[in-house]
Amino acid sequence: MRFLLTAFAASLIVGACTKTAGQEAYDNLQACFTDHINPGAEGLTPPEAIATCCIDHPIAGKTVVCGATAGDCMTFVRAQLDATTIDADIQTGCADYIKNKP
């Protein structure tokens with residue numbers, strides 16, 4: 001019985017370390033962005049959605065996709081989002097991402 005309890009506790013610990021709680025994965029940045037600006041969901045502003053997607057969500061199976069610098073971020077995000085997202089929002093979102101990334 002102790003073995004089962006120990007094995008169960010160990011599986012919980014491993015699961016907690018390998019799975020990021022509350023972080024939904026997305027196939028691409030556009031899907032994450034759209035989900036986060038949706039008024040029926042979180043209703044974030046475009047810059048908030050960009051920073052949130054870059055920091056908090058795995059995109060295409062990767063946890064770091066927006067780059068190491070604001071320039072890297074702006075290049076990546078501009079290529080991933082449709083043309084309705086204005087450059088000023090991307091710049092602000094990327095600045096927030098760089099400021100707050102782990």
Side-chain angles (χ1 to χ4, degrees):
M1 184 67 173
R2 279 188 200 174
F3 174 76
L4 290 176
L5 289 174
T6 302
F8 178 71
S11 70
L12 289 176
I13 291 169
V14 170
C17 292
T18 58
K19 182 180 178 187
T20 309
Q23 292 185 346
E24 182 178 354
Y26 292 91
D27 291 336
N28 56 60
L29 186 66
Q30 182 68 56
C32 181
F33 178 80
T34 300
D35 190 33
H36 282 40
I37 63 169
N38 181 348
E42 292 182 52
L44 299 178
T45 66
E48 291 170 333
I50 290 166
T52 297
C53 291
C54 287
I55 294 169
D56 292 339
H57 296 283
I59 306 292
K62 297 178 183 174
T63 55
V64 178
V65 295
C66 293
T69 68
D72 292 341
C73 176
M74 290 170 50
T75 300
F76 175 77
V77 172
R78 175 75 283 155
Q80 296 296 309
L81 298 183
D82 62 38
T84 62
T85 307
I86 62 172
D87 290 340
D89 285 343
I90 294 172
Q91 184 175 8
T92 301
C94 286
D96 289 345
Y97 158 68
I98 293 300
K99 179 181 173 186
N100 295 303
K101 71 181 178 130

* **side-chain contact (heavy atoms from CB on, under 4.5 Å) assessment of Thr69 paired with Met74** => CA-CA 9 Å; Thr69 68; Met74 290 170 50; over 6 Å; no

Side-chain heavy atoms under 4.5 angstrom apart, residues restricted to Ile, Leu, Val, Met, Phe, Trp, Tyr: same cluster for [X] and [Y]?
X     : Y     : value
Ile59 : Ile37 : yes
Phe33 : Phe76 : yes
Ile55 : Val65 : no

- Could you please spell out the steps behind the side-chain contact (heavy atoms from CB on, under 4.5 Å) verdict for Asp35 and Glu24? CA-CA 11 Å; Asp35 190 33; Glu24 182 178 354; 3.9 Å; yes

Would Cys66 and Cys54 count as a disulfide pair, i.e. SG atoms separated by less than 2.5 Å?
yes

Mind listing the closest non-hydrogen atom pair of [X] and [Y] along with its distance?
X     : Y     : answer
Gln30 : Leu81 : OE1-CA, 3.1 Å
Cys94 : Val77 : SG-CG2, 4.0 Å
Cys32 : His57 : SG-CD2, 3.8 Å
Asp89 : Ile50 : O-CD1, 3.7 Å
His36 : Ala49 : CB-CB, 3.8 Å
Leu29 : Cys53 : CD1-CB, 3.6 Å

d(Glu48 CD, Asp96 CG) to nearest 0.5 Å is 8.0 Å

Would one find more than 12 heavy atoms of other residues, nucleotides or ligands at under 6.0 Å from atom CG of Asp27?
-> no

